[in-house]
Amino acid sequence: MKDSSIEKVKELIKEEFFGESTGHDWYHIERVYKNALKINETEGGNDKIIAYAALLHDIADHKFVEDHESETDKRIRKILGDQDVADHIIDEVLHIAHNISYKGANVENKINTLEGFIVQDADRLDAIGAIGIARAFAYGGSKKRMIYDPEKKPTLHDSFEAYKSDDGHTINHFYEKLLLLKEKMNTETGKKIAEDRHSFMEEFLERFYSEWEAK
Ligand code: ADP
Ligand code: NI
């Protein structure tokens, strides 16, 4: 998609996120952007809303920014306002940025627009499969988490607070989020892409346990 204001936002985000080291770097954002537009080829949502939301979805992530809600609001209004983007489009993008994040196995998804479903699927595809595995350990390391501790079992969280404050190891994250994403995909296109990535994670875990047991 070639649009000068989208290109401007892309440049700005690339500069800000390029070398980020927890798996939320520019290339994560670029993959979400590309995958979201690709999914939309078969879903029929609004490309512009999807492009802006994909580029801006991690602008003030709750995992890194304390005042996530108001920072997300402020940054997105400023960036899109500077490009003279219409208010109704900014509101759609804000709905996505505020609600895109996974909040726990048993916590309801608040996304309720087609564009939101698509960008959320693209973001989730990047959390599974080979790239998802790499990102999970990068993120876990950045938060000083252990790779694995067989003594500590996973929890299916009922609230965002419980999910956020869990300090478990990264292998648990597979059971608390990554392996659940396949069933939580919103679009048919997203579901299809997720299947193969899901199987790869299962195979990874099997090998992981087998090597752990020195088999
Ligand atoms: P979300 O907004 O749903 O959290 P992001 O695009 O911000 O999605 O990416 C989340 C990334 O961070 C994923 O790759 C995920 O594996 C990783 N991550 C989040 N929480 C944990 C955790 N507790 N342990 C390991 N990785 C995590
Ligand atoms: Ni993301």
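All ligand and atom numbering here is 1-based and tracks the order in the structure. Here the structure is a predicted model, which means the values were calculated and not measured. Throughout, residue positions are numbered sequentially from 1 according to the sequence presented.
For the pair Lys164 and Phe160, the cation sits on the ring face: its NZ or CZ lies under 6.0 Å from the ring centre, inside 45° of the axis.
The nearest protein atom to atom 23 (N) of ligand 1, hydrogens excluded, is given as Arg145 NH1, 2.1 Å; this is a heavy-atom distance. Looking from atom 16 (O) of ligand 1 to the surrounding protein, the closest heavy atom is His173 NE2, 3.2 Å. Closest protein heavy atom to atom 8 (O) of ligand 1: Asp123 OD2, 3.5 Å. For atom 1 (P) of ligand 1, the closest heavy atom belonging to the protein is Ser101 OG, 3.4 Å. Nearest protein heavy-atom contact of atom 14 (O) of ligand 1 is Arg135 NH1, 3.2 Å. Closest to atom 25 (C) of ligand 1 among all protein heavy atoms lies Ala136 O, 3.4 Å.
Polar contact with ligand 1: absent for Tyr139 (N/O pair, distance under 3.5 Å). Looking at ligand 1, you won't find any N or O of Thr170 less than 3.5 Å from one of its N or O atoms. No N or O atom of Asp126 sits closer than 3.5 Å to an N or O atom of ligand 1. At under 3.5 Å, not a single nitrogen or oxygen of His62, backbone or side chain, sits near a nitrogen or oxygen of ligand 1.
In this structure, Lys63 has a heavy atom closer than 4.0 Å to ligand 1. Using a 4.0 Å heavy-atom cutoff, Leu178 is listed among the residues neighbouring ligand 1.
In this structure, the side chains of Asn186 and Ile118 stay at 4.5 Å or more apart for every pair of heavy atoms. Contact check for Phe137 versus Ile171: side-chain heavy atoms found under the 4.5 Å cut-off. You'll find the side chain of Lys63 reaches within 4.5 Å of the side chain of His24, heavy atoms only. Counting only heavy atoms from C-beta outward, the side chains of Asp25 and Phe18 never approach each other to under 4.5 Å. By the 4.5 Å heavy-atom criterion applied to side chains, Ile59 and Phe17 are counted as neighbours.
Among protein atoms, those of element N, O or S found less than 2.8 Å away from the Ni ion (ligand 2) are His28 NE2, His57 NE2, Asp58 OD2, Asp123 OD1.
Proximity of His28 to ligand 1, defined as any heavy-atom pair under 4.0 Å, is confined to the side chain (atoms from C-beta onward). Heavy atoms of Asp58 found under 4.0 angstrom from ligand 1 belong exclusively to the side chain. With a 4.0 Å heavy-atom cut-off, ligand 1 is reached by no atom of Thr22.
Salt-bridge check for Glu7 with Lys10: passed, with a basic side-chain N closer than 4.0 Å to an acidic carboxylate O. Using a cut-off of 4.0 Å between Lys/Arg side-chain N and Asp/Glu carboxylate O, Glu71 and Lys74 are scored as salt-bridged. Under a 4.0 Å N-O distance rule, the pair Asp126/Lys34 does not qualify as a salt bridge. Ionic pairing of Lys191 and Glu188 is present here: one or more N-O contacts between side-chain nitrogen and carboxylate oxygen are shorter than 4.0 angstrom.
Sorted by first and then second residue, the side chain to side chain donor-acceptor pair (under 3.5 Å) pairs with a member in residues 83-95 read His95-Asn99, His95-Asn112; sequence neighbours excluded.
The contact set between ligand 1 and Tyr102, taken as ligand atoms under 4.0 Å from a residue heavy atom, comprises 1 (P), 3 (O). Counting the atoms of ligand 1 from 1 in the order shown, those under 4.0 Å from a heavy atom of Asp61 are 7 (O).
Considering only non-hydrogen atoms, atom 9 (O) of ligand 1 lies nearest to His24 out of Arg31, Lys164, Glu176, His24.
Checked by atom type and distance alone, the side chain of His169 never pairs as donor or acceptor with a backbone atom of Arg145 at under 3.5 Å.
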Please table the atom pairs, donor to acceptor, closer than 3.5 Å between any side-chain atom in residues 198-212 and protein atoms at least two apart or in another chain.
{"unit_1": "His198", "atom_1": "NE2", "unit_2": "Glu202", "atom_2": "OE2", "d": "3.2"}
{"unit_1": "Ser199", "atom_1": "OG", "unit_2": "Glu195", "atom_2": "O", "d": "3.1"}
{"unit_1": "Tyr209", "atom_1": "OH", "unit_2": "Tyr175", "atom_2": "OH", "d": "2.6"}

Side-chain polar contacts of residues 101-108 - donor-acceptor pairs under 3.5 angstrom, sequence neighbours left out - could you list them?
{"unit_1": "Ser101", "atom_1": "OG", "unit_2": "His62", "atom_2": "NE2", "d": "3.4"}
{"unit_1": "Tyr102", "atom_1": "OH", "unit_2": "Ala105", "atom_2": "N", "d": "3.2"}
{"unit_1": "Tyr102", "atom_1": "OH", "unit_2": "Glu176", "atom_2": "O", "d": "2.6"}
{"unit_1": "Asn106", "atom_1": "ND2", "unit_2": "Asp158", "atom_2": "OD1", "d": "2.9"}

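No more than 12 heavy-atom neighbours from other residues, nucleotides or ligands sit within 6.0 angstrom of NZ on Lys192.
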